[in-house]
Amino acid sequence: MLPYVNVPFEYVANVLGASSDEVKLIFTFLASYPLAGILKRLPDDKPWLKNTFNISIAVFYLVGLFDLWSGLTLIVFDAVGTYAIAKYIQGPYMPWIGFVFLMGHMSVSHIYRQIAASPSSVDITGAQMVMVMKLSGFCWNVFDGKQKASDLNEDQKDRMLSTLPAPLDFAGFVAFFPSLMVGPAFDFVDYERWLNTRMFDLPPGTDPMQAPPTRKKRKIPRSGTPAMIKMATGLGWILLFLQASSYFNSKVVLSPTYATMPFALRVFHLHMLSLVTRMKYYGVWTMTEGACILSGIGYKGLDSKTGKPDWGRLTNIQPMGVELAQNSHAYLGYWNINTNHWLKNYMYLRVTPRGKKPGFRASMATFVTSAFWHGFEPGYYLTFVLASFIQNVAKNSRRLLRPFFLTPDGSKPLPRKRYYDIFTWLVTQLTFSFCTAPFILLSIHDSLTVWARNYFYCPIGVAIFSLLLASPGKAWLARKVKARQTTRPPPAAAEAKLQRTESAESMQGATLGVPSEPGIAFDEMVEEVMDEVKKRRGSKGGPEGPELRKRVEDALYKKSKSDGAAQSGLKGVKGE
C-alpha cells in the first residue's frame with residue numbers, strides 16, 4: 001500500500017458514514033475515467049503499450065490502494081493456471097478442467113470471506129468472480145477454435161480462438177482495469193478486437209460517410225458524452241443509496257419495532273430494502289460500464305435505426321427493465337446481464353449433447369453453477385429455490401391469464417390490459433422483494449425471521465397457485481384460451497409481442513440459472529436417466545416419457561395403498 005494513502009479515504013468515510021474500503025472502491029470507479037481516457041489515446045499501432053498500461057493500473061488498484069498482495073497472487077495464479085490448461089491439455093475435457101479449477105479456487109475464497117464476516121471491507125472475491133467468467137469462457141473459446149465449424153452455433157463461431165493469444169495480450173485481457181473489481185466481464189475476442197481496433201471497422205457495404213466521428217487518426221470513436229452520462233447516472237444511484245440506506249436497511253426489518261408495524265407498512269419496508277440494495281449495484285455497474293465506454297471497448301457498432309454509435313456491448317444492468325418488470329423472466333433477465341450471458345453460453349448450452357434440446361441436466365447444472373458462483377451463504381439458496389418455484393407459477397399463470405386481456409388473435413391489447421399490467425407489475429415487484437430478502441440478510445435465522453414477520457406471503461401464494469395449476473381449473477382455463485384463439489396473429493405482430501414482453505422462451509437459460517419450470521423437471525430427469533440406462537445396456541425396449549411416469553405414479557400409489565392397509569391391520573391388532 002502507498003504511504004499515507006488511507007488518510008483522505010478515512011476522512012471522507014467519516015463524513016459519509018461509510019467504510020474507507022467502500023470509499024476507495026468508488027474512487028477506483030471514478031479514477032478509471034481519466035485513466036480510460038489515457039488508455040484510449042495510446043497509439044493504436046502499439047498494443048503492447050495498452051497491455052502494459054492495463055497491467056500497471058490493475059496492480060496499482062490491488063496493491064497501491066487496497067494492499068491486496070494475496071489478491072494479486074490469486075488472480076495471477078488463476079490466469080497462469082488457465083493459460084496453462086488451455087495450452088497443454090487437449091481433448092473435450094479441457095474447458096471443464098479449467099472451469100473446475102477456477103470455481104474450486106474461488107469457492108475457497110468465498111469460504112474465507114464468509115468466515116471473516118466483514119461485508120464492508122473489500123477483498124478479492126468480487127474480482128475473482130469476474131475472473132471465473134472471463135477465464136472459463138476463454139477455455140471454451142480455445143476449445144471451439146479446434147472444432148468443426150458445423151458443430152458450432154453462430155455465437156461460438158464468432159468467439160472461438162483458432163490460436164492461443166500471446167501471453168502479454170492475455171495478461172492485458174485479465175488485468176483490464178475499468179472492469180477489474182466488479183466487472184463487467186467479456187470474452188477475449190472483445191478485448192482482442194478492441195486492442196487491434198478491428199472492433200471499429202465499418203460493416204461491409206456501409207457508407208464511409210456514416211462512420212462515427214473520431215479524433216485525429218484514431219479509429220476509436222468519440223465516447224466522452226455517453227461515458228459521462230453513465231458516470232453521472234451511476235453517481236446518482238450511489239448518492240440515492242447512501243441517503244436511503246439510513247432509513248431502509250437490514251437493521252430496520254430485524255428490529256422489534258418492525259414486528260409491530262401494520263402489515264402493509266412491513267411489506268413496504270421489505271420492498272424498499274430490496275430497492276435500496278439494488279441502487280448500490282445500479283450505481284456500481286453503471287459507473288464501470290461508463291469507464292469501459294470511454295476506453296472504447298463498450299462499442300457495439302452502429303445502431304441500425306439511428307445510424308449513431310451503439311455503446312451497449314458491456315451493459316450489465318438495465319434498472320428500468322428491472323423496476324418495471326411485469327414477469328419473473330424480465331426481472332431476472334435485466335439483472336446482471338453479463339452473468340446471464342456466461343451461464344447460458346458456457347454452462348446451459350454446453351452440458352447439452354449436440355443435437356438435443358436443453359433439459360433437466362442443463363437447468364440443474366446452470367442452477368448449481370449460479371448458486372456456487374455467488375457463494376455459500378445460506379440465504380442465497382433460500383432465494384434461488386423459492387425463485388425457481390416463482391418462475392414456474394409465473395410462467396404457467398401468464399400463459400393461462402394473459403390471453404384474456406388481448407384480442408382473440410393475440411395481436412393487440414384490450415383496454416382492460418392496463419389493469420393486468422399494473423397487477424402483474426405489483427405482484428412481480430412484491431414477490432421478488434420477499435424472495436430476495438435472504439440474499440441481503442444472508443443467514444437462515446434472519447431470513448426466516450423477516451419472512452415470518454411478513455406471514456410468508458410469497459411461498460404461501462406460490463403454493464396456492466401451484467395447487468390451482470394442478471387442479472381441473474387449469475384445464476378449464478386452457479380450453480377457454482384455446483377457444484379465444486380463433487385466428488393466428490400476423491408474424492410481424494407476434495414478433496413485436498415477443499420482443500415487448502421478454503417471453504420465457506426467448507430468455508431460457510439466461511436468468512441467473514433459476515429453473516423456469518421445476519414442475520417438468522421430473523419428466524426430463526426420468527427421460528435422461530432412461531436414455532443413459534439404454535446406452536449403457538444397449539437396450540431399446542421399455543416404457544418412455546408419459547407412459548413411464550404413469551407407471552411410476554401407479555407403483556407409488558399401490559405402495560402407499562398397501563402401506564395404508566398394513567397400518568390399518570396393525571391398528572386392528574393393537575385394538576384387540
- For Tyr258, side chain to side chain donor-acceptor pair (under 3.5 Å) partners two or more places apart: Asn454

- Task: Output every pair passing salt bridge (Lys or Arg N to Asp or Glu O under 4.0 Å) with a member in residues 231-240, not counting sequence neighbours, ordered by first then second residue.
- Result: none

- Note on the structure: The complete set of salt bridge (Lys or Arg N to Asp or Glu O under 4.0 Å) pairs with one or both residues in residues 255-271, sequence neighbours excluded, reads none

- Report the residues that fulfil salt bridge (charged side-chain N to carboxylate O under 4.0 Å, His left out) with Glu10, sequence neighbours left out, ordered by chain and then residue number. none

- Task: Would you please test Gln429 and His271 for side-chain hydrogen bond (donor to acceptor under 3.5 Å, both in side chains) and show each step?
- Result: CA-CA 8 Å; Gln429 298 301 321; His271 175 69; 5.1 Å; no

- Message: Does Tyr112 have more than 12 heavy atoms from other residues, nucleotides or ligands lying within 6.0 Å of its OH?
- Response: no

- Query: Partners of Asp144 by salt bridge (charged side-chain N to carboxylate O under 4.0 Å, His left out), sequence neighbours excluded?
  - Reply: Arg350

- Item | Non-neighbouring partners of Lys230 that pass salt bridge (charged side-chain N to carboxylate O under 4.0 Å, His left out), sequence neighbours left out | Glu289

- Task: For the pair Ile317 and Tyr281, evaluate side chain to side chain contact (heavy atoms under 4.5 Å, CB included) and give the outcome as yes or no after the intermediate values.
- Result: CA-CA 8 Å; Ile317 187 73; Tyr281 292 98; over 6 Å; no

- Message: Holding to ring-ring contact (aromatic ring centres under 6.0 Å, His included), I want the full list of residues that pass it with Phe439, two or more places apart in sequence or in another chain.
- Response: His374, Tyr380

- Task: For Ser443, check side chain to side chain donor-acceptor pair (under 3.5 Å) against everything at least two apart and list the hits.
- Result: Asp446

- Taken in chain and number order and not counting sequence neighbours, the residues that satisfy side-chain contact (heavy atoms from CB on, under 4.5 Å) with Val100 are none

- Item | Qualifying residues under salt bridge (charged side-chain N to carboxylate O under 4.0 Å, His left out), relative to Lys40, sequence neighbours excluded | none

- Taking atom types as modelled, find out whether Asp78 and Tyr83 have a side-chain donor-acceptor pair closer than 3.5 angstrom. no

- Query: Given Phe432, which of Trp425, Trp335, Tyr331 fulfils the ring pair (Phe, Tyr, Trp, His ring centres under 6.0 Å) condition?
  - Reply: Tyr331

- Message: Checking Phe77 now: which residues fulfil ring-ring contact (aromatic ring centres under 6.0 Å, His included) with it, not counting sequence neighbours?
- Response: Phe101, His105

- Message: I'd like to check the side-chain contact (heavy atoms from CB on, under 4.5 Å) partners of Ser56; sequence neighbours left out, ordered by chain and number.
- Response: Thr52

- Query: Between the side chains of Ser109 and Gln128, does any donor sit under 3.5 Å from an acceptor?
  - Reply: yes

